[in-house]
Asks: 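Mind looking over this structure? Questions follow.
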Amino acid sequence: MTSLDHMFLALSDPTRRAILARLAEGEATVNELKRPFDMSQPSISRHLKVLEEAGLITTRVAGTARPRRIEPAAFVAISKWLESYQDIWAANYDRLDAVLDDLKDKDANP
């Protein structure tokens, strides 16, 4: 599986997306991250492991604490991949607009 595949797999889970949303506000420990969820600490830790293996977050050692933070470079890679399709989508919409304009012209001038 490619790095991008791992990233999208990790992003497919709503709990992991919520964790990332929280980490977008700043780094947090496992206990801080589990507060809004009705989950055990081991369950949250498994989600964090998936996010870390995908390269979406990193762990910093601060004494006995292990705060997690978002890894911005991973999101740059996702953004670049999505941008690569932007031209394709724009071209498809331009072709669709041209077809719709032709249909309007034919209706207006039978």
Asks: Report yes or no: do Leu9 and Ile78 belong to one cluster of Ile/Leu/Val/Met/Phe/Trp/Tyr joined by side chain heavy-atom distances under 4.5 Å?
Replies: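 Per the 4.5 Å side-chain linkage, Leu9 and Ile78 are not co-clustered.
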Asks: Rounded to the nearest 0.5 Å, what separation is found between the CZ atom of Arg60 and the CZ atom of Arg66?
Replies: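 Interatomic distance, Arg60 CZ to Arg66 CZ, rounded to 0.5 Å: 10.5 Å.
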Asks: Applying side chain to side chain donor-acceptor pair (under 3.5 Å) as the test, list every pair that has at least one member in residues 7-20; sequence neighbours left out.
Replies: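 Checked against side chain to side chain donor-acceptor pair (under 3.5 Å) - neighbours excluded - the pairs reaching residues 7-20 are Arg16-His47.
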Asks: What's the shortest heavy-atom distance between Leu82 and Trp89, and which atoms?
Replies: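 Looking at all heavy atoms of both residues, the shortest contact is O-CZ3, 4.1 Å.
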Asks: Is there a donor-acceptor pair under 3.5 Å between the side chain of Glu32 and the backbone N or O of Thr29?
Replies: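 Answer holds: yes.
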Asks: Going only through I, L, V, M, F, W and Y residues with side-chain contacts under 4.5 Å, is there a path from Phe75 to Val50?
Replies: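 Phe75 and Val50: separate clusters.
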Asks: With rounding to the nearest 0.5 Å, note down the distance linking CE in Met7 to CG in Asp5.
Replies: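 Reported to 0.5 Å precision, the distance equals 10.0 Å.
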Asks: Tyr85, Phe8: one ILVMFWY side-chain cluster at the under-4.5 Å cut-off?
Replies: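 Both belong to a single hydrophobic cluster.
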Asks: For Arg22 and Ala28, which heavy atoms make the closest approach, and how far apart are they?
Replies: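 Minimum heavy-atom separation between Arg22 and Ala28: NH2-CB, 3.3 Å.
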Asks: Show the nearest heavy-atom pair for residues Gly55 and Ala74, with the distance to one decimal.
Replies: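 Of all heavy-atom pairs spanning Gly55 and Ala74, the closest is O-CB, 3.2 Å.
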Asks: Atom NZ in Lys34, atom OG in Ser40: separation rounded to 0.5 Å?
Replies: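 The NZ atom of Lys34 sits 7.5 Å away from the OG atom of Ser40.
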Asks: Identify the two heavy atoms, one from Ile57 and one from Leu48, that lie closest to each other, and give their separation to 0.1 Å.
Replies: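 What the structure gives for the nearest pair is CD1-O, 3.6 Å.
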Asks: What pair of heavy atoms forms the shortest contact from Ala77 to Leu4, and how long is it?
Replies: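 Reported closest heavy-atom pair: O-CD1, 4.5 Å.
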Asks: For residues Leu23 and Leu33, report the shortest heavy-atom separation together with the two atoms involved.
Replies: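 Closest pair (atom of Leu23, atom of Leu33, distance): CD2-CD2, 3.9 Å.
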Asks: Hey, what do you get for CG (Leu51) to OG1 (Thr58), rounding to the nearest 0.5 Å?
Replies: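 So the gap between those two atoms works out to 11.5 Å.
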Asks: Measuring from atom CE of Met39 to atom CD1 of Ile44, what distance do you get when rounded to the nearest 0.5 angstrom?
Replies: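 Reported to 0.5 Å precision, the distance equals 5.0 Å.
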Asks: Hydrophobic cluster membership, with links at side-chain heavy-atom distances under 4.5 Å among I/L/V/M/F/W/Y: are Leu20 and Phe37 in one?
Replies: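 Same cluster: Leu20 reaches Phe37 through Ile, Leu, Val, Met, Phe, Trp or Tyr contacts under 4.5 Å.
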Asks: When you measure from the side chain of Ser45 to the backbone N and O of Gln41, does any donor-acceptor pair fall under 3.5 Å?
Replies: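 The answer is yes, because a donor-acceptor pair under 3.5 Å joins these two groups.
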Asks: Please collect all salt bridge (charged side-chain N to carboxylate O under 4.0 Å, His left out) contacts where either partner lies in residues 77-98, sequence neighbours excluded, each pair once.
Replies: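 Output for this query is empty, none listed.
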Asks: Please identify which of these residues, Lys49, Glu27, Arg69, Arg68, meets the side chain to side chain donor-acceptor pair (under 3.5 Å) condition with Thr59.
Replies: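 Only match with Thr59 under side chain to side chain donor-acceptor pair (under 3.5 Å): Arg68.
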